Amino acid sequence: MTNALPDALDAELSALLGAEGWRTDEAARRAHGEDDSRQWAMPAAVATPRDRDQVAAIVRACRSHRVPIVARGAGTGTAAAAVPFAGGVVVSFARMDRILEIRPGDRCAVVEPGVLNGDLQQALQPHGLFWPPDPSSAERCTIGGNLACNAGGPRAVKYGATRDNVLGLVAVTGTGETIRCGGPWTKDATGYDLTHLVVGSEGTLALVVEATLRLAPRPAAQAGLRAFYRDAASAAAAVSRLMRQPQVPAMLEFMDRAAIALLRHQGTEVPEAGAMLLVEADGDHDTLPYALQALAEAAEGDGLLELDVAADGAARDRLWAARKALSPALRTIAPGKINEDVVVPVSRIPDLVAGVEALAAEAALPIVVFGHAGNGNLHVNIMYHPDDPAEAARAQAALPRLFALVIALGGTLSGEHGIGVAKREYMVQAFDPATLAAMRAVKAALDPDGILNPGKVLPPA
């Protein structure tokens with residue numbers, strides 16, 4: 001494979017897509033060569049199809065010339081999954097942004113991949129429904145991108161991540177064939193579950209051109225609480241209590257001592273503590289007070305320093321303002337950040353935080369931990385100065401030790417960001433050879449020439 005675009009392919013796709021849908025100028029190529037991983041590579045061209053037939057034609061044309069294809073949403077991913085390192089054609093779904101159907105009676109919506117998550121939520125409001133995945137980039141990320149990396153967010157503890165909220169897909173495989181899997185139903189024992197295989201595959205198996213999404217009723221009321229603990233072990237014990245009792249929290253977020261210190265430095269009014277939990281309940285107005293009381297009782301226990309309850313909207317918004325302020329505030333520590341979204345069993349959160357604290361001390365670098373405690377999905381942020389070669393080297397050296405710790409604790413590499421190239425080399429630690437071989441066999445079946453997002457997810461055999 002090469003980044004040089006064959007003249008015949010250029011002419012064919014230019015005729016198919018027109019000047020607006022086929023771009024080979026440097027500005028367009030550069031704009032579509034990067035994502036939030038801060039890595040980039042220059043593609044040979046950018047295709048912006050209007051419909052599924054054009055997508056299939058693009059794939060067939062590229063396959064005939066063995067030209068790589070990288071599907072792209074809004075570029076908010078952090079694992080470099082949308083970066084075209086092999087060159088070729090970036091397929092942007094920006095013009096396939098229609099909400100095709102909203103079916104309240106079936107609690108589903110049918111959308112094209114370019115629809116923004118935030119726009120879909122706005123369209124669903126009059127129907128009293130919402131789509132549960134809520135990544136931090138929800139206002140600007142696309143449904144297709146959410147599908148590609150199995151995006152999650154704080155609500156996943158109760159409602160599940162993207163994969164749990166997709167009923168069916170229409171997708172184009174690496175051979176240019178269009179497949180349909182699943183549909184507007186919630187029960188299905190018919191054949192292989194290709195829908196949930198494609199979700200999370202980061203554009204390496206097929207290009208999604210339509211998705212049928214499972215919707216949930218919008219809760220009538222929401223309330224939250226904020227609990228401060230002496231140390232991470234006390235907070236993690238509270239997480240276990242919270243997850244054992246019958247009332248499932250709508251959100252359950254963790255912040256370690258370093259995250260709390262950062263909030264205080266930014267002027268957020270929070271006390272000094274070893275850890276903090278943000279907990280939210282949702283439901284109807286009659287049952288919500290009882291649910292919140294149950295969560296507050298579970299949050300109490302050894303090591304609790306302070307507990308605040310926010311039963312009204314404004315107070316609740318203040319609780320979550322601190323959580324939302326964390327990611328931007330990290331850059332005040334250092335301009336370089338390695339953000340890994342690892343997952344461990346909830347009961348092993350104290351061991352993870354203790355291990356990260358030891359790693360930070362040994363690497364002589366600040367490492368900040370926060371995230372979705374109810375799933376055991378924590379964001380470990382290794383902060384460093386890129387212009388300091390010694391710090392940059394220590395940060396990179398800390399990464400394999402972090403993943404080794406996570407795997408030793410019975411965890412996994414990613415909860416919602418995906419693998420891309422950022423974590424590809426660690427897949428051999430997470431899976432045995434037979435499992436990786438099965439994954440490669442699936443890839444070969446759906447993309448026999450290896451043109452779809454080559455070099456991503458799976459390490460070389």
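This structure is a prediction, so every number in the text was calculated from the model and none was measured. Basis for what follows: all heavy atoms, side chains included, without hydrogens, waters or symmetry-related copies.
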- [ ] Answer yes or no: is there a side-chain heavy-atom contact under 4.5 Å between T204 and K443?
- [x] yes

Open item on the list: With a 4.0 Å cut-off on N to O distance, would you call R72 and E34 a salt bridge?
Closed with: no

- [ ] Under the side chain to side chain contact (heavy atoms under 4.5 Å, CB included) rule, what do Y159 and D134 come out as? Steps first, then yes or no, please.
- [x] CA-CA 10 Å; Y159 295 99; D134 61 330; over 6 Å; no

Open item on the list: Check this for me: R38, atom CZ, are more than 12 non-hydrogen atoms of other residues, nucleotides or ligands nearer than 6.0 Å?
Closed with: no

- [ ] State, with a plain yes or no, whether a side-chain heavy atom of E306 is found less than 4.5 Å away from one of Y229.
- [x] no

Open item on the list: Checking the side chain of K456 only, and the main-chain atoms of A81 only, is there a donor and an acceptor separated by less than 3.5 Å?
Closed with: yes

Open item on the list: Just checking R424: does its CZ atom have more than 12 heavy atoms from other residues, nucleotides or ligands closer to it than 6.0 angstrom?
Closed with: yes

Task: Contact summary for V353 and A232, nearest pair of heavy atoms - done: CG1-CB, 3.6 Å

Open item on the list: Can you tell whether the side chains of D193 and R163 come within less than 4.0 Å, N to carboxylate O?
Closed with: no

Task: Derivation of the side chain to side chain contact (heavy atoms under 4.5 Å, CB included) call for L225 and L292 - done: CA-CA 8 Å; L225 58 90; L292 192 63; 4.1 Å; yes

TODO: Tell me, with the steps shown, if R241 and E300 meet salt bridge (charged side-chain N to carboxylate O under 4.0 Å, His left out).
DONE: CA-CA 9 Å; R241 292 194 301 271; E300 293 177 352; over 6 Å; no

Task: Sole candidate of V198, T142, L169 that passes side-chain contact (heavy atoms from CB on, under 4.5 Å) when paired with L147 - done: L169

Task: Q247 side chain reached by Y290 side chain, heavy atoms, under 4.5 Å - done: no

Task: Nearest atoms (heavy-atom pairs only) where W185 meets L167 - done: O-CD2, 3.4 Å

Open item on the list: Under 4.0 Å between a side-chain nitrogen and a carboxylate oxygen: does that hold for K158 and D282?
Closed with: yes

Open item on the list: Looking at R218 and G128, would you say the former's side chain and the latter's main chain have a donor-acceptor pair under 3.5 Å?
Closed with: no

Task: Salt-bridge present (R140, D119; N to O < 4.0 Å) - done: no

TODO: Considering non-hydrogen atoms only, spot the tightest contact between G303 and S234 and give its length.
DONE: CA-OG, 3.6 Å

TODO: Kindly indicate whether the side chain of I179, heavy atoms from C-beta on, has any atom under 4.5 Å from the side chain of V170.
DONE: no

Open item on the list: Test of understanding: with ring pair (Phe, Tyr, Trp, His ring centres under 6.0 Å), list the residues that count as partners of H379, not counting sequence neighbours.
Closed with: H372, H417

Open item on the list: Regarding E362 and R401, does a basic nitrogen lie under 4.0 Å from an acidic carboxylate oxygen?
Closed with: yes

Task: Beyond-backbone contact of M96 with V115, side-chain heavy atoms, under 4.5 angstrom - done: no

Open item on the list: Salt bridge check, E112 against R98: does any charged N sit closer than 4.0 Å to a carboxylate O?
Closed with: yes

Open item on the list: Taking the cut-offs as 6.0 angstrom to the six-membered ring centre and 45 degrees off its axis, would you call R214 and W131 a cation-pi pair?
Closed with: no

TODO: Check whether any side-chain N or O of N375 sits under 3.5 Å from a backbone N or O of N377 as a donor-acceptor pair, and report yes or no.
DONE: no

- [ ] May I ask you to decide if E416's main-chain N or O and N150's side chain share a donor-acceptor pair within less than 3.5 Å?
- [x] no

- [ ] Could you tell me whether the side chains of Q125 and Q121 share a donor-acceptor contact shorter than 3.5 Å?
- [x] no

TODO: Check the pair K337, Y384 against side chain to side chain contact (heavy atoms under 4.5 Å, CB included), reporting the backbone distance first and the verdict last.
DONE: CA-CA 6 Å; K337 177 177 74 169; Y384 67 101; 5.8 Å; no

Task: Donor-acceptor pair, side chain of D256 and main chain of V369, under 3.5 angstrom - done: yes

Open item on the list: With a 4.5 Å cut-off on side-chain heavy atoms, are R155 and M251 touching?
Closed with: yes

Open item on the list: Ignoring hydrogens, what is the shortest heavy-atom contact between C141 and A74? Give both atom names and the distance.
Closed with: CA-CB, 4.1 Å

TODO: Please confirm whether the backbone N or O of V270 pairs with a side-chain atom of R264, one donor and one acceptor, at under 3.5 Å?
DONE: yes

- [ ] Under the salt bridge (charged side-chain N to carboxylate O under 4.0 Å, His left out) rule, what do D97 and R50 come out as? Steps first, then yes or no, please.
- [x] CA-CA 9 Å; D97 60 351; R50 285 196 175 277; over 6 Å; no

TODO: Evaluate the side-chain proximity of L307 to R226: yes if any heavy-atom separation is below 4.5 Å, no if none is.
DONE: no

Open item on the list: Between E202 and I419 (side chain of the first, backbone of the second, donor and acceptor by atom type, cut-off under 3.5 Å), is there such a pair?
Closed with: yes

Open item on the list: Looking at V343, is its backbone amide N or carbonyl O close enough to the side chain of T412 to form a donor-acceptor pair, meaning the two atoms are under 3.5 Å apart?
Closed with: no

Task: Partner of L295 by side-chain contact (heavy atoms from CB on, under 4.5 Å), out of V248, L277, V309, L242 - done: L242

- [ ] Using atom types as modelled and distance alone, determine if a side-chain donor or acceptor of D36 lies under 3.5 Å from a backbone N or O of G77.
- [x] no

Open item on the list: Could you check whether any side-chain N or O of D106 sits under 3.5 Å from a backbone N or O of C108, counting only pairs where one atom can act as donor and the other as acceptor?
Closed with: no

Open item on the list: Does R230, at its CZ atom, have more than 12 non-hydrogen atoms belonging to other residues, nucleotides or ligands within less than 6.0 Å?
Closed with: yes

TODO: From the options T162, T76, N117, select the one residue that forms a side-chain hydrogen bond (donor to acceptor under 3.5 Å, both in side chains) with N146.
DONE: N117

Open item on the list: Can you confirm whether I143 sits close enough to P113 that some side-chain heavy atom of one is under 4.5 Å from a side-chain heavy atom of the other?
Closed with: no

TODO: Determine the minimum heavy-atom distance between F130 and P217, stating which atoms define it.
DONE: CE2-O, 3.2 Å

- [ ] Write down the atom of D188, the atom of G182, and the distance for their closest heavy-atom approach.
- [x] OD2-CA, 4.5 Å

Open item on the list: Is there a side chain to side chain contact (heavy atoms under 4.5 Å, CB included) between V91 and V89? Walk through the geometry before answering.
Closed with: CA-CA 6 Å; V91 177; V89 176; 4.3 Å; yes

